[in-house]
Number of protein chains: 2
Amino acid sequence: MGKSMMNHTGTDCRRQILDASLPLFARKGYAATSVREILDAAGITAPTLYYYFGNKEGLYLNLMQTHCAMIDEALSAYTDDAVGATQRLKNLVDKIFQLVIEDKDFFRLMFADYYGPSESAPYCDYISCHVKFHAAIRKILEEGMRSGEFQPGNAGHMTWMIRGVVQLAMEEQIKEDREKIDRKGLQSILDLILDRLSRPSKADATVHSERKSFQGG
Amino acid sequence: MGKSMMNHTGTDCRRQILDASLPLFARKGYAATSVREILDAAGITAPTLYYYFGNKEGLYLNLMQTHCAMIDEALSAYTDDAVGATQRLKNLVDKIFQLVIEDKDFFRLMFADYYGPSESAPYCDYISCHVKFHAAIRKILEEGMRSGEFQPGNAGHMTWMIRGVVQLAMEEQIKEDREKIDRKGLQSILDLILDRLSRPSKADATVHSERKSFQGG
DNA sequence: GTCTATAAACTGATAGAC
DNA sequence: GTCTATCAGTTTATAGAC
């Protein structure tokens, strides 16, 4: 009694498990999410899960690696033929920010795994994701310097600066409750940075208009 | 047999529990750290822990709130009579960065609680910490603009920019393995930002020297 | 205050039928 | 492939002696 319907679709139990487990993991974390909760949410029984994934750890790794590969691929496939480095950088940041919004649960878990207690979840390698993003930013910055669009300077440090504000925006976006920085907010902040990074003479076509002409102190 | 010595000091079992639990929580997270592990590490038995803290959640909250109050107080007590806004901002960031280094375990847990899965650990309110830091940065930026040391602009956005890079530096510092941004690195990046934020004529006394005189494109 | 001993519930996981 | 039934180990927590 109680359990009235069991799963007999026969085709995509696997998907159901993956789809049901992600939001649970994202809300309670790996350790606090029990196998039974996943089973109930997916509407299947234990042996099915163990048949497909071996154990809880296997499920988690499979889940995270799949999403990680998706992001990885989206970033690799991303090309942009915008004219200026400024615009290309803005487009890239917007792209990754949208990926985050579309896959919040995964990114919350990824950041938790990456920056949180190391032994709270099975080890999963997210380095390729991070490196790809970091390198893409840096590449555009260097191109912009070479072309004279940006002031020359330490591209490595500038990359960390950009990544810092983007990371903070992503983390604030990922939180359930209030959202402190939305897409528009990040764009504004990025405009501010790029405005200060650009050579005055090449003030780009966008409308940020806040730059005051330099006047002696 | 096996357990040869039990605790009979009679005075500071409480401290032992707190001191033993923090690194465990920081390494394995709240959910994956069992009460028994804490007991073994502290060299005491279960009833002692429950006597002082009621339950596991009570221990965690007590631990985190104590450290949170420490940071809170350190930030409130912090004053700086440096002359320029640039220097005051650098000092403030350096101060908080040192607090992080000195209490890595707490900050790793705080960030995990704040940005990670919401139900993976008992709820603890860290907002005062965040707000204090955010407001302190903003205050200095506004003072710098008023005095003409910084270019005028959106102080709110600039605050997020600064906080972004500082947050990223803290998170990278907190990770166990490789450290990507150390104290010197953060200082360099901050110099870069402040250099671009300052009015050209007031180029400050530090040695960053990377600014090129503005030349037409 | 701190211990010994133990309980009740839950955990991840498996054997074996169909 | 998916189920029923069940296990052995671990978990948080407490009763009661000293």
Side-chain angles (χ1 to χ4, degrees), chain A residues 1-22 24-25 27-64 109 117 119-124, chain B residues 1-22 24-25 27-64 109 117 119-124:
Chain A
M1 59 183 77
K3 287 192 179 183
S4 49
M5 290 194 67
M6 284 290 104
N7 189 291
H8 286 293
T9 55
T11 159
D12 45 9
C13 273
R14 200 188 143 92
R15 267 255 69 81
Q16 284 177 252
I17 298 169
L18 289 168
D19 291 345
S21 62
L22 179 60
L24 279 171
F25 282 136
R27 202 177 77 235
K28 312 187 60 170
Y30 175 80
T33 302
S34 74
V35 172
R36 191 161 308 193
E37 284 175 293
I38 298 171
L39 265 27
D40 290 347
I44 48 102
T45 53
T48 305
L49 187 151
Y50 288 95
Y51 171 79
Y52 283 114
F53 301 103
N55 53 28
K56 184 186 176 185
E57 182 172 330
L59 165 61
Y60 188 77
L61 289 176
N62 191 296
L63 180 67
M64 297 304 281
L109 281 170
E119 294 173 32
S120 67
Y123 177 75
C124 191
Chain B
M1 57 181 80
K3 288 193 178 184
S4 50
M5 289 194 67
M6 283 290 102
N7 189 292
H8 287 293
T9 56
T11 160
D12 45 9
C13 274
R14 201 190 143 92
R15 266 253 72 79
Q16 285 177 251
I17 297 169
L18 289 168
D19 291 344
S21 62
L22 179 59
L24 280 171
F25 282 136
R27 203 177 76 236
K28 313 189 59 170
Y30 175 79
T33 302
S34 73
V35 172
R36 191 163 308 189
E37 284 175 293
I38 298 170
L39 265 27
D40 290 348
I44 48 101
T45 53
T48 306
L49 188 151
Y50 289 96
Y51 171 78
Y52 284 115
F53 300 103
N55 53 26
K56 186 186 174 185
E57 181 171 331
L59 165 60
Y60 188 77
L61 288 176
N62 191 295
L63 181 68
M64 298 304 282
L109 281 171
E119 294 172 32
S120 67
Y123 177 74
C124 190

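Toward the 5′ end of DNA chain C lies the nearest nucleotide of A:Arg36, the other residue of the pair A:Pro47 and A:Arg36 mapping further downstream.
In DNA chain C, runs of at least 3 stacked Watson-Crick or G-U pairs (N1-N3 plus N6-O4 or O6-N4, or N1-O2 plus O6-N3, all under 3.5 Å) give these stems: C:1-18 with D:1-18.
Residue B:Thr48 has no polar side-chain atom (N or O) positioned under 4.0 Å from OP1 or OP2 of C:dG1. For B:Tyr52 and C:dT2, the shortest distance from a side-chain N or O to OP1 or OP2 is below 4.0 Å. In this structure, A:Ser34 does not reach the C:dC10 phosphate: none of its side-chain N or O atoms is under 4.0 Å from OP1 or OP2.
Side-chain atoms of A:Ala46 lie closest to C:dT14 of the nucleotides C:dC3, C:dT14, D:dT14.
Residues A:Phe53 and A:Leu18 form a side-chain contact, since some pair of their non-hydrogen atoms from C-beta on lies under 4.5 Å apart. For the pair A:Leu39/A:Val35, a side-chain contact is recorded, criterion being any heavy-atom separation below 4.5 Å from C-beta on. Contact of the A:Tyr52 side chain with the A:Cys13 side chain is registered, since non-hydrogen atoms from C-beta on lie closer than 4.5 Å. Annotation: side chain of B:Tyr60 is not in contact with side chain of B:Thr33 (no heavy-atom distance under 4.5 Å).
A salt bridge links A:Arg27 with B:Glu119: the distance from a Lys NZ or Arg NE/NH1/NH2 to an Asp or Glu carboxylate oxygen falls below 4.0 Å.
A:Ile38 places its CD1 atom 11 Å from the P atom of C:dT11, with the value rounded to the nearest Å. Summarising the geometry, the separation between CG on B:Leu59 and P on D:dT11 is reported as 16 Å, rounded to the nearest angstrom. Spacing between atom CZ of A:Phe25 and atom C1' of C:dG12 amounts to 12 Å, rounded to whole angstrom units. At whole-Å resolution of the value, CD1 in B:Ile44 and P in D:dA13 are 14 Å apart. Going from atom CD of A:Glu37 over to atom P of C:dC10 covers 11 Å, rounded to whole Å. Atom-to-atom, CZ of B:Phe53 to C1' of C:dT2 comes out at 15 Å; the value is rounded to the nearest Å. If you take NZ of B:Lys56 and C1' of C:dA9, they are 15 Å apart, rounded to a whole angstrom. For A:Tyr50 and D:dT6, the OH to P distance is 18 Å, given to the nearest whole Å.
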Evaluation steps, side-chain contact (heavy atoms from CB on, under 4.5 Å), between A:Leu49 and A:Arg14: CA-CA 8 Å; A:Leu49 187 151; A:Arg14 200 188 143 92; over 6 Å; no
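Both the sub-6.0 Å distance and the 45° axial angle are not jointly satisfied by B:Lys56 relative to the ring of B:Tyr50.
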